[in-house]
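Here's the structure, in structure tokens; my notes come after.
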Amino acid sequence: MDKLLHLVRFIYEQTHICNPVAKMDLNEWENILLNDDVILDGSYICLSWDSMDILAYSFLHESNKDTSLELGWCGCKNKQDKKLLQTLVLKQVVFAVEQDFQFIEGEFDTTDEYAMELLISFPFEPSPTWTTYQSTVL
């Protein structure tokens, strides 16, 4: 769990360099990562065969819609392993179908290279996006 929490925190911090993340200890990260809406049975981690290092992870979450689930935290230890995310999300799609869900939704932040890797791999057009602006104080 510590390896996973360190990796999730590192990737999240890298994704939010322009808007830095509050400093939190691993217990706080664990509470955020494993909050009430995470579906552990539908969240997957890819491990290396030899060292059992975490290569990639993708979490699935409940939605406020009865027919939907939501893609959540995802990332990889090494940028060259980004294609592993497609395999993990495919397993999540299979899980969702087996649980009789009709939709999987996701938020794909353009500052998150892992989420964007997934977005471009999907064979359909994304829905309209929200544009967020950040102001800077000079």
Side-chain angles (χ1 to χ4, degrees):
M1 180 57 86
D2 281 353
K3 285 183 180 181
L4 177 62
L5 293 171
H6 280 285
L7 183 57
V8 169
R9 179 173 64 184
F10 174 77
I11 290 171
Y12 195 80
E13 289 172 345
Q14 294 302 304
T15 302
H16 294 86
I17 288 175
C18 291
N19 187 13
V21 178
K23 296 293 182 202
M24 296 182 287
D25 64 27
L26 287 183
N27 288 331
E28 292 171 294
W29 274 97
E30 185 172 7
N31 288 335
I32 292 170
L33 186 63
L34 302 178
N35 66 29
D36 292 339
D37 71 349
V38 70
I39 302 169
L40 293 177
D41 289 343
S43 299
Y44 299 101
I45 297 172
C46 180
L47 301 172
S48 67
W49 284 105
D50 52 356
S51 64
M52 297 300 286
D53 279 341
I54 297 170
L55 300 178
Y57 61 88
S58 185
F59 286 84
L60 195 62
H61 298 266
E62 295 173 359
S63 171
N64 57 1
K65 301 173 188 168
D66 291 338
T67 58
S68 299
L69 295 176
E70 295 178 3
L71 295 174
W73 306 75
C74 70
C76 298
K77 181 176 180 181
N78 299 305
K79 292 180 182 185
Q80 64 265 26
D81 290 331
K82 289 191 291 189
K83 297 287 184 194
L84 291 172
L85 293 174
Q86 294 172 13
T87 302
L88 296 179
V89 170
L90 178 59
K91 289 189 68 62
Q92 290 173 316
V93 169
V94 170
F95 173 85
V97 168
E98 290 173 347
Q99 301 299 314
D100 294 324
F101 287 94
Q102 296 174 336
F103 304 99
I104 295 181
E105 300 173 330
E107 179 180 317
F108 299 93
D109 190 328
T110 57
T111 63
D112 185 341
E113 66 182 290
Y114 302 105
M116 293 309 294
E117 179 75 22
L118 284 174
L119 183 62
I120 63 172
S121 72
F122 294 139
F124 45 81
E125 289 293 319
S127 60
T129 62
W130 288 91
T131 304
T132 304
Y133 296 96
Q134 177 179 338
S135 66
T136 56
V137 178
L138 300 176

Counting C-beta onward and ignoring hydrogens, is there a side-chain heavy-atom pair between Leu47 and Asp53 closer than 4.5 Å?
no
Do Val38 and Ser43 come within less than 4.5 Å of each other through their side chains, counting heavy atoms only?
yes
With rounding to the nearest 0.5 Å, note down the distance linking [atom1] in [X] to [atom2] in [Y].
X	Y	atom1	atom2	value
Leu26	Leu5	CG	CG	5.5 Å
Met1	Ile54	CE	CD1	9.0 Å
Lys77	Ser48	NZ	OG	7.0 Å
Leu7	Arg9	CG	CZ	11.0 Å
Glu70	Asp37	CD	CG	7.0 Å
Ile11	Cys74	CD1	SG	8.0 Å

Can you tell me how the ring of Tyr12 sits relative to the ring of Trp73, calling it parallel under 30°, perpendicular over 60° and tilted otherwise?
tilted
Heavy-atom closest contact ([X] atom, [Y] atom, distance):
X	Y	answer
His61	Asn35	ND1-OD1, 4.3 Å
Gln92	Phe59	NE2-C, 3.4 Å
Leu85	Gly75	CD2-O, 3.6 Å

For the NZ atom on Lys82, are there more than 12 heavy atoms of other groups (residues, nucleotides or ligands in this structure) within a distance under 6.0 Å?
yes
Side-chain (Asp25) to main-chain (Asn27) donor-acceptor, under 3.5 angstrom:
yes
Checking Leu4 against Leu33 for the side chain to side chain contact (heavy atoms under 4.5 Å, CB included) test, could you report, in this order, the C-alpha distance in whole Å, the side-chain angles of both residues, the deciding distance, and whether it holds?
CA-CA 10 Å; Leu4 177 62; Leu33 186 63; 4.0 Å; yes
Hydrophobic cluster identity match, [X] and [Y], side-chain contacts under 4.5 Å:
X	Y	answer
Phe10	Tyr57	yes
Val89	Leu55	no
Leu88	Leu60	yes
Val93	Phe103	no
Leu40	Val94	no

For Gln99 and Ile39: C-alpha separation, side-chain torsions, deciding distance, then whether side chain to side chain contact (heavy atoms under 4.5 Å, CB included) applies.
CA-CA 12 Å; Gln99 301 299 314; Ile39 302 169; over 6 Å; no
